Amino acid sequence: MSVEDCKLVELPRFLDTRGNLSFVEQLNHIPFEIKRTYWIYDVPGGEARGGHAFKENQEFIVALSGSFDVKVDDGVNKKTFNLNRSYYGLYVPAGLWRELGNFSTNSLALEFGSLHYEPADYICDYDKFLKMKENEEI
Ligand code: TYD
């Protein structure tokens, strides 16, 4: 997997004077079955989250409120996506180093995952990640 396999997906939007509505569906806008949903909020200024890679877990990340950057890295190339609209989601395949940062005040990051929480699926050491990429283990 490379950073080019990350995809920014525009979600449906129903604009309404009563307020707008967007939605996501698994195996439609999100290209996997959702096993887990979690969210990150109340991030103090300057903090970063999620500096790790997943061996198998795929993700879909939405900035439900505010904005933040998602930095992805395949061991060769890096790319930064700024998420700042609740009607866009970023698909991140497994096997990429990724980090969330530059959170705006009151931002809310919603993350859908293809696996249940499984610590063994995490690669938290960047040098180990680079070695695994070199050896094509992920
Ligand atoms: P952590 O992996 O450090 O968050 P980040 O993705 O920002 O690096 O997770 C923080 C804590 O939350 C850690 O103790 C594990 C726990 N956790 C769960 O129990 N289930 C989950 O789905 C997630 C994402 C985290």
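Since the model is a prediction, treat every value here as computed from it, not as a measurement. Position 1 is the first residue of the sequence; numbering continues from there.
- Contacts classified as side-chain hydrogen bond (donor to acceptor under 3.5 Å, both in side chains) and involving residues 129-138 (residues at least two apart or in different chains) are not found.
- Phe14 forms part of a hydrophobic cluster together with Leu21, Phe23, judged by ILVMFWY side-chain heavy-atom separations under 4.5 Å.
- In this structure a side-chain-to-backbone donor-acceptor pair under 3.5 Å is missing from Ser107 to Gly66.
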Next item on the list: Show your working on side chain to side chain contact (heavy atoms under 4.5 Å, CB included) between Glu59 and Phe112 and close with a plain yes or no.
Entry: CA-CA 5 Å; Glu59 305 174 88; Phe112 301 95; over 6 Å; no
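- The CG atom of Asn102 sits 6.5 Å away from atom OG of Ser67, with the distance rounded to the nearest 0.5 Å.
- For the ring-ring contact (aromatic ring centres under 6.0 Å, His included) condition, the pairs that include at least one residue of residues 60-94, sequence neighbours left out, are Phe68-Phe103.
- Of the possible donor and acceptor atoms, none in the side chain of Thr80 sits under 3.5 Å from a partner among the backbone N and O of Lys71.
- Sequence neighbours left out, the pairs with a member in residues 8-37 that pass salt bridge (Lys or Arg N to Asp or Glu O under 4.0 Å) are Asp16-Arg18.
- Summarising the geometry, atom OG belonging to Ser65 is positioned 14.0 Å from atom OH belonging to Tyr41; distances are rounded to the nearest 0.5 Å.
- Under the 3.5 Å distance criterion, the side-chain polar atoms of Gln26 are matched with a main-chain donor or acceptor of Ile34.
- Here Leu96 contributes atom CG and Cys6 contributes atom SG; the two are 5.0 Å apart, rounded to the nearest 0.5 Å.
- Considering all non-hydrogen atoms of both residues, Gln58 and Ala94 come closest at CG-N, 4.1 Å.
- Atom-to-atom distance recorded for Ile40:CD1 and Leu108:CG is 9.5 Å, nearest 0.5 angstrom.
- Side-chain contact of Asn57 with Asp121: a donor-acceptor pair under 3.5 Å is absent, judged by distance alone.
- Listed by first then second residue, pairs satisfying salt bridge (Lys or Arg N to Asp or Glu O under 4.0 Å) with a partner in residues 74-91 read Glu4-Lys79, Asp73-Lys78, not counting sequence neighbours.
- Note on Trp39: it clusters hydrophobically with Leu64, by side-chain heavy-atom contacts below 4.5 Å among ILVMFWY residues.
- Without hydrogens or angle criteria, Arg98 side chain to Ala53 main chain gives no donor-acceptor distance under 3.5 Å.
- Using a 4.5 Å heavy-atom cutoff, the side chains of Leu83 and Ile61 are in contact.
- Leu115 and Val92 fall into different hydrophobic clusters, defined by Ile, Leu, Val, Met, Phe, Trp and Tyr side-chain heavy atoms under 4.5 Å apart, directly or through other members.
- Considering every non-hydrogen atom in both Ala48 and Glu99, the closest pair reads CB-OE2, 3.6 Å.
- Hydrophobic cluster of Phe129: the remaining members, joined at side-chain heavy-atom separations below 4.5 Å, are Trp97, Ile123, Tyr126, Leu130, Met132, Ile138, listed by chain and number.
- Atom-to-atom distance recorded for Glu111:CD and Tyr38:OH is 3.5 Å, nearest 0.5 angstrom.
- For Lys128 against Asp125, the heavy-atom pair with the smallest separation is N-OD1, 2.8 Å.
- For the atom pair OG of Ser86 and CG of Asn20, the computed distance is 8.0 Å after rounding to the nearest 0.5 Å.
- By the 4.5 Å heavy-atom criterion applied to side chains, Leu90 and Val9 are not counted as neighbours.
- Annotation for Glu56: atom CD does not count as buried by contact number, only 12 or fewer foreign heavy atoms lying within 6.0 Å.
- Each of Leu15 and Leu11 belongs to its own hydrophobic cluster when Ile, Leu, Val, Met, Phe, Trp and Tyr are linked at side-chain heavy-atom distances under 4.5 angstrom.
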